[in-house]
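Encoded as C-alpha cells, the structure appears first; notes follow it.
Every chain is numbered from 1, with letters handed out A, B, ... down the list of sequences.
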2 protein chains.
Amino acid sequence: MYSIGEVSKMFQIPISTLRYYDKEGLFLGLEKNNSGIRIFNEKTIDALRLIECLKKSGMQIKDIKEFMKWCSMGDKTLKIRKEMFLKQKKTIEKEIEELNNALELIKYKCWYYDEAVKDNSEKRVKNITPSQMPSDIKKAYENSHK
Amino acid sequence: MYSIGEVSKMFQIPISTLRYYDKEGLFLGLEKNNSGIRIFNEKTIDALRLIECLKKSGMQIKDIKEFMKWCSMGDKTLKIRKEMFLKQKKTIEKEIEELNNALELIKYKCWYYDEAVKDNSEKRVKNITPSQMPSDIKKAYENSHK
DNA sequence: ACTTGACCTAAAGTTAGGTTTAGATAATAT
DNA sequence: ATATTATCTAAACCTAACTTTAGGTCAAGT
C-alpha cells in the first residue's frame with residue numbers, strides 16, 4: 001500500500017501526472033479510502049510500470065487506456081491484448097532500428113567535427129570523399145545518405 | 001534544384017511542415033526565386049536529412065535552429081558544434097538502451113498472453129513464478145521488474 | 001485550538017509541433 | 001485565353017500530455 005506521494009518518489013513522476021493518468025482511466029483497479037485518498041497497491045504499481053514502458057515506446061494515453069479497459073473485460077479480450085503486444089514489439093524494434101540509423105549520421109558528424117576542430121577549419125574535411133574516409137565512417141556516411 | 005513539392009515527396013514530409021521548418025529558421029541557406037518561390041538545393045537537402053535525424057533522436061526544433069545558426073557563424077563555432085554532436089550521440093545511445101529495456105517487458109507480456117490465449121484464461125500463467133519461466137522470459141521479467 | 005503537510009477536485013493554462021484556412025500570385029496544360 | 005495546379009503569406013486553429021491554480025478536506029504534531 002502506497003500513497004500518491006510515495007509512488008511519485010518511487011517512479012520519479014510528478015503527483016499531478018499520476019492524478020492525470022488516473023483521471024484518464026489508466027489505473028483501473030485504483031482504490032480510494034473513505035476520505036477519497038488514493039491507495040496504490042502492487043497491481044497499480046505493475047500497471048504504472050507497464051504505462052511507463054508503453055509510453056516510452058510511443059504509445060498514446062488513449063490507447064493505453066483502451067488496453068486497460070480490455071484487461072477489465074476478462075478472458076474474451078485475451079487475444080486482442082496479445083495482438084497489441086505483438087504489434088508494440090514490432091513498433092519498438094522498428095524504433096530501435098531507426099535510432100540506430102540516426103546514430104550513424106551522428107557518428108559521421110562527430111568524426112567530421114573532430115577533424116574540423118583539429119584544423120580549426122572545415123575546408124579540408126568538407127572535401128573528403130567517402131573513399132578517403134576511415135572505413136567505419138565511410139559506412140556510417142553511406143548508410144545515412146542513401 | 002527542387003521545388004517544395006518535390007522535396008515533400010522525396011522525404012514524405014507535408015509541404016506545410018517544410019514551410020514551418022523554414023519559418024522557424026531551420027533552412028538557413030534556403031533561397032527564393034524572384035517571385036518568392038523556395039528553391040531547395042543539395043545543401044538544404046543535407047540540412048533536412050540532418051533535421052530528420054536530430055528530430056528522431058528527440059531534439060527540439062529550437063535547439064536544431066540554434067545549431068543551424070552556429071553553422072552560419074563560421075569556424076569559431078566548430079567546437080560547440082562538435083560538442084553538440086557528442087552529447088547527442090550519448091542521448092541516442094541512452095534512448096536505445098531504454099527502448100531495449102522497454103522491449104524486455106513487452107517480450108514478457110507477449111509470452112504471458114501467448115500462454116493465456118492457449119489456455120483461454122490467465123489463471124495458470126498468472127501464477128507462474130520466475131523460476132518456472134523459460135530462461136529468456138525469466139531474464140526479461142526480472143530485468144523489467146527491478 | 002491550531003498549524004503544518006499531504007492529500008483532494010475541477011477547471012484553466014501551457015507548450016511543442018505542427019495543420020488548416022483564406023486570400024493571393026504564378027506556372028503549366030489545353 | 002482560360003482552367004488547373006503549384007506556390008506563397010499570415011494568422012488562426014488543433015492536439016497531446018501535462019501543469020498550475022484555486023479552494024477545500026484531513027490527519028498528525030505542539
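Taking the charged nitrogens against the carboxylate oxygens, Lys79(B) and Glu83(B) have no contact shorter than 4.0 Å, which rules out a salt bridge. A salt bridge does not link Glu142(A) to Lys146(A): none of the charged nitrogens lies less than 4.0 Å from a carboxylate oxygen. Under a 4.0 Å N-O distance rule, the pair Arg49(A)/Asp46(A) qualifies as a salt bridge.
When the shell of 6.0 Å around NZ of Lys139(A) is examined, it contains 12 or fewer heavy atoms from other residues, nucleotides or ligands. Within a 6.0 Å radius of CD in Glu31(B), no more than 12 heavy atoms belonging to other residues, nucleotides or ligands are found.
A heavy-atom distance below 4.0 Å to DNA chain C is reached by these residues of residues 21-40 of chain B, ordered by number: Tyr21(B), Ser35(B).
Aromatic ring pairs are classed by plane angle as parallel below 30°, tilted from 30° to 60° and perpendicular above 60°; the pair Phe27(A) and Phe40(A) is perpendicular.
Atoms CD1 (Ile51(B)) and C1' (dG17(C)) sit 14 Å apart, rounded to a whole Å. Distance Arg19(A) CZ to dC7(C) P: 8 Å, rounded to the nearest Å. Taking atom CG of residue Leu18(A) and atom C1' of nucleotide dC8(C), one finds them 14 Å apart after rounding to whole Å. Following rounding to the nearest Å, Lys56(A) (NZ) and dA17(D) (P) show an atom-to-atom distance of 16 Å. In this entry the distance linking CD1 of Ile13(A) with P of dA17(D) reads 14 Å, nearest Å. Atom CD1 of Ile15(B) and atom P of dT5(D) are 14 Å apart (whole Å). At whole-Å resolution of the value, NZ in Lys62(B) and P in dG18(C) are 14 Å apart. The OH-P distance, from Tyr20(B) to dA16(C), rounds to 9 Å in whole Å.
Phosphate proximity of dC7(C) to Ser3(A): present, with a side-chain N or O under 4.0 Å from OP1 or OP2. Between Thr17(A) and dT19(D) there is a side-chain polar atom (N or O) within less than 4.0 angstrom of OP1 or OP2.
Here the nucleotide nearest the side chain of Ile61(B), chosen from dT7(D), dG18(C), dT19(D), is dG18(C). Closest to the side chain of Pro14(A), from the set dC7(C), dG17(C), dT19(D), is dT19(D). Closest approach to the Ile4(B) side chain among dG18(C), dC18(D), dC8(D) is made by dC8(D) (side chain taken as heavy atoms from C-beta onward).
Residues Lys32(A) and Ile39(A) approach most closely at C-CD1, 4.3 Å, considering heavy atoms.
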